[in-house]
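First the structure, in the form of structure tokens, and then the observations on it.
All of these numbers come straight from a predicted model, not from anything done at the bench.
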Protein chains: 2
Amino acid sequence: MIGNRLHKLRALPGTVKTRRLRGHPGAAALKRRIAKRSEMATIKEVAQLAGVSTATVSRALSGARPVNADVAARVLEASHALGYRPNRVARSLRTQVSTTLGLIISDVQNPFFTAVARAAERTAADNGYSLVLCNSDDDLHLERRYLDVLVAEQVAGLILTPADEKASSVDVALAAGIPVVSVDRRLRTADLDTVLVDNAHAVHKAVDLLVREGCRRVAVLVGPEHTTTAAERLRGYRDALTDHQIPEDPGLIVHSQVTGGDVATLHKETKGLITEVIREHSPDSLVITNGPMIAGSLAALADTGRHLGEDLAVVVFDDMPLAEFIGLTSIVQPTEAIAQQAVELLLSRVAGSTPPPHEVVFKSVLTIRTSSSLRRVSPGRRR
Amino acid sequence: MIGNRLHKLRALPGTVKTRRLRGHPGAAALKRRIAKRSEMATIKEVAQLAGVSTATVSRALSGARPVNADVAARVLEASHALGYRPNRVARSLRTQVSTTLGLIISDVQNPFFTAVARAAERTAADNGYSLVLCNSDDDLHLERRYLDVLVAEQVAGLILTPADEKASSVDVALAAGIPVVSVDRRLRTADLDTVLVDNAHAVHKAVDLLVREGCRRVAVLVGPEHTTTAAERLRGYRDALTDHQIPEDPGLIVHSQVTGGDVATLHKETKGLITEVIREHSPDSLVITNGPMIAGSLAALADTGRHLGEDLAVVVFDDMPLAEFIGLTSIVQPTEAIAQQAVELLLSRVAGSTPPPHEVVFKSVLTIRTSSSLRRVSPGRRR
DNA sequence: TTGAAAGCGCTAACAC
DNA sequence: GTGTTAGCGCTTTCAA
């Protein structure tokens with residue numbers, strides 16, 4: 001077998017030399033050949049056309065090391081003629097580095113996450129990285145699958161909104177040396193850089209506002225219990241009640257169990273839950289702690305004949321396109337800042353920095369519109 | 001240099017044998033070593049631990065070829081012990097196939113596109129593919145960059161909503177042998193599988209409805225001119241006017257020029273445009289042909305003191321979360337079907353099928369709510 | 001400044 | 001059924 005190898009070793013330089021001496025095929029022929037294959041031109045073909053070695057092509061194109069000006073020009077021309085673009089897969093395999101970041105969000109249809117995604121993408125691009133986005137639909141299996149894919153794809157770093165504070169398995173990434181930043185939610189099973197908003201405080205302020213407006217029976221709708229955001233937002237609610245010496249009524253605390261991005265299901269479920277609370281526990285106000293639950297909640301109001309900001313005061317978490325139009329008082333999260341911070345934390349780790357994990361908490365802003373008031377209106381004046 | 005090579009050639013089997021004879025390091029040691037490196041375990045390490053060749057590991061894990069049961073078990077155990085997961089980069093480089101699809105959408109914050117993205121991802125997953133999502137913000141440069149990245153990343157296929165019907169450069173992908181499907185918009189520069197909705201017809205029906213409601217001065221707001229959707233939707237509007245023998249008033253046709261995903265800018269611009277139309281051209285109704293333009297338009301109504309479905313009838317393209325609550329009559333696109341169709345067309349080409357390009361047009365559904373009516377209400381009854 | 005050669009981690013063709 | 005080896009396309013020593 002060594003003989004075999006030797007044979008090839010001797011044969012190879014020979015072939016190359018012969019080809020070179022005989023003159024290379026020329027751009028046109030090479031181009032035709034490539035078009036026919038309908039595959040990417042390789043560095044080898046560029047080298048052949050430019051009459052240099054692949055190493056020189058690599059150097060000329062990357063500018064990593066000095067190359068003779070004429071040679072560089074010839075390489076550039078050849079690469080251009082063939083429409084050459086370096087194969088990232090090969091490059092990344094060779095260099096063991098990647099300029100792609102992964103972002104796994106738990107709901108592509110949630111405006112909060114899409115806003116984060118957009119801003120993150122921008123920050124990544126500003127730093128020369130591309131960002132690929134995956135949607136876990138808050139499903140642990142899907143999340144795990146994407147984690148696996150991105151790790152196997154050798155991304156440089158990962159941003160994640162964990163579907164479950166305990167069960168999310170980011171260790172596949174960590175074990176592969178891929179740094180991970182958690183956004184919007186904490187992860188209890190790993191010590192990660194985490195970017196959050198002041199969930200408890202935000203809801204606290206919302207309840208304060210409602211109480212100031214004269215509300216005493218404040219209902220709250222929170223998402224599934226296995227995320228830290230739900231727990232924190234509920235805590236803010238409770239703290240506020242305590243502050244105002246309002247006894248807690250368990251009937252006013254509603255947990256949605258729907259998970260996953262199915263808008264229709266969530267809408268129906270939410271509508272049912274809120275309808276029940278309104279009918280059974282006569283709240284005078286409502287805090288909705290999750291953007292995707294807003295539509296269903298408002299549908300419940302309509303169904304039960306309640307009027308937003310008149311006989312039922314409402315504050316919601318997350319801003320959305322039509323919030324302004326219908327006067328929805330909203331807790332607005334600084335999505336750009338969150339995303340930027342997350343990407344920056346990530347990139348500093350990608351660059352090799354290993355400080356103890358940070359936890360960055362951003363303040364959210366309570367944008368007061370009309371829905372959070374209790375204007376008693378005479379029935380006749382209502383349309 | 002051949003000598004050098006020979007030396008290595010001889011040395012290599014020796015080392016391996018020595019190691020093997022001396023007994024492999026054992027899972028614990030190997031694991032420790034890997035943890036310390038904080039890098040992925042490689043197939044080589046698994047092979048070493050299982051006491052077999054890398055080829056056997058590959059075969060045992062992929063199941064591509066029969067492997068002795070004991071050996072397979074040992075391999076499985078070793079791979080599990082080391083937390084081994086095949087490096088996709090290397091695999092894809094070697095096999096020249098990839099199981100990743102790319103989806104480039106023009107606006108992550110547009111519910112239509114996110115709905116498409118979600119459904120596409122699902123269909124891809126059902127077929128054993130993962131989908132990575134990129135956001136071009138309708139920016140040709142960004143789109144091009146992502147096209148480049150995904151091609152260089154060797155994705156198996158691409159779905160795209162072209163930012164510009166003429167300038168989008170999908171040929172980088174096509175030249176690399178990567179099939180491309182266009183969604184939502186046509187691309188004039190290449191012959192692609194394309195999945196669309198009946199834009200013209202949908203708007204036509206919307207105008208019909210408004211005219212039936214008694215409207216005569218129907219204003220229309222369309223997006224930037226360089227997409228085929230804008231043109232088609234405008235055509236639907238014009239056809240409808242012709243049908244009803246209503247003369248066209250150029251003042252009632254508004255083109256938004258804002259492109260890119262900046263929600264705030266678009267909101268402001270739209271609001272300004274609609275305010276002007278209302279003030280200067282007194283429309284009695286309004287067709288908004290793009291989801292992201294809805295919020296700004298409604299803000300303009302509020303500003304000019306108009307009331308939705310009372311003194312101004314409105315129909316919008318694209319459904320959105322709060323549309324139901326505010327009674328917005330909407331042209332709803334079958335996003336799931338669109339996405340599924342697109343992925344299936346793409347995968348059939350990925351699989352090697354090369355029929356002439358398809359164009360699939362889906363019907364949209366006009367969901368009639370209250371905003372499309374003209375109920376004259378006495379001022380006193382309005383709240 | 002340039003080229004030859006090795007090698008990233010994997011799979012497949014070929015031997016046995 | 002298993003091992004050896006070559007090679008995917010690229011970058012990067014090492015030599016010259």
- Rounding to a whole Å, what distance do you find between B/Gln48:CD and C/dG9:P? 13 Å
- Over how many whole Å does the gap from B/Gln154 atom CD to D/dG9 atom C1' extend? 9 Å
- Would you check if the side chain of B/Asn87 reaches a backbone N or O of B/Val89 as a donor-acceptor pair within less than 3.5 Å? yes
- Message: I need the CG-C1' distance between B/Leu61 and D/dG1, as an integer number of Å.
- Response: 16 Å
- Which part of the nucleic acid does A/Val71 contact within heavy-atom distance under 4.0 Å: base, sugar-phosphate only, or nothing? sugar-phosphate
- Note on the structure: Nearest heavy-atom contact between A/Tyr146 and A/Asn135 is CE1-O, 3.6 Å
- Message: Among A/Ser136, A/Ser106, A/Ser182, exactly one meets side chain to side chain donor-acceptor pair (under 3.5 Å) together with A/Thr161. Which residue is that?
- Response: A/Ser106
- Looking only at side-chain N and O atoms, does A/Thr56 come under 4.0 Å of OP1 or OP2 in C/dG3? yes
- Item | Any A/Gln96 side-chain N or O less than 4.0 Å from OP1/OP2 of C/dG9 | yes
- Message: Between A/Ser98 and A/Ser92, do the side chains contain a donor N or O and an acceptor N or O under 3.5 Å apart?
- Response: no
- Message: From CG of B/Leu82 over to P of C/dG9, roughly how many Å is that when rounded to an integer?
- Response: 14 Å
- Task: Decide whether A/Thr123 and A/Glu344 meet the rule of one side-chain donor and one side-chain acceptor closer than 3.5 Å.
- Result: no
- Item | Under 4.0 Å protein heavy-atom contacts per nucleotide of nucleotides 10-16 of chain C, with B for base, S for backbone only and - for none | BBBB---
- Item | Interatomic distance, B/Leu93 CG vs D/dC10 C1' [rounded to whole Å] | 8 Å
- Within 6.0 angstrom of B/Glu77 CD, more than 12 heavy atoms from elsewhere: no
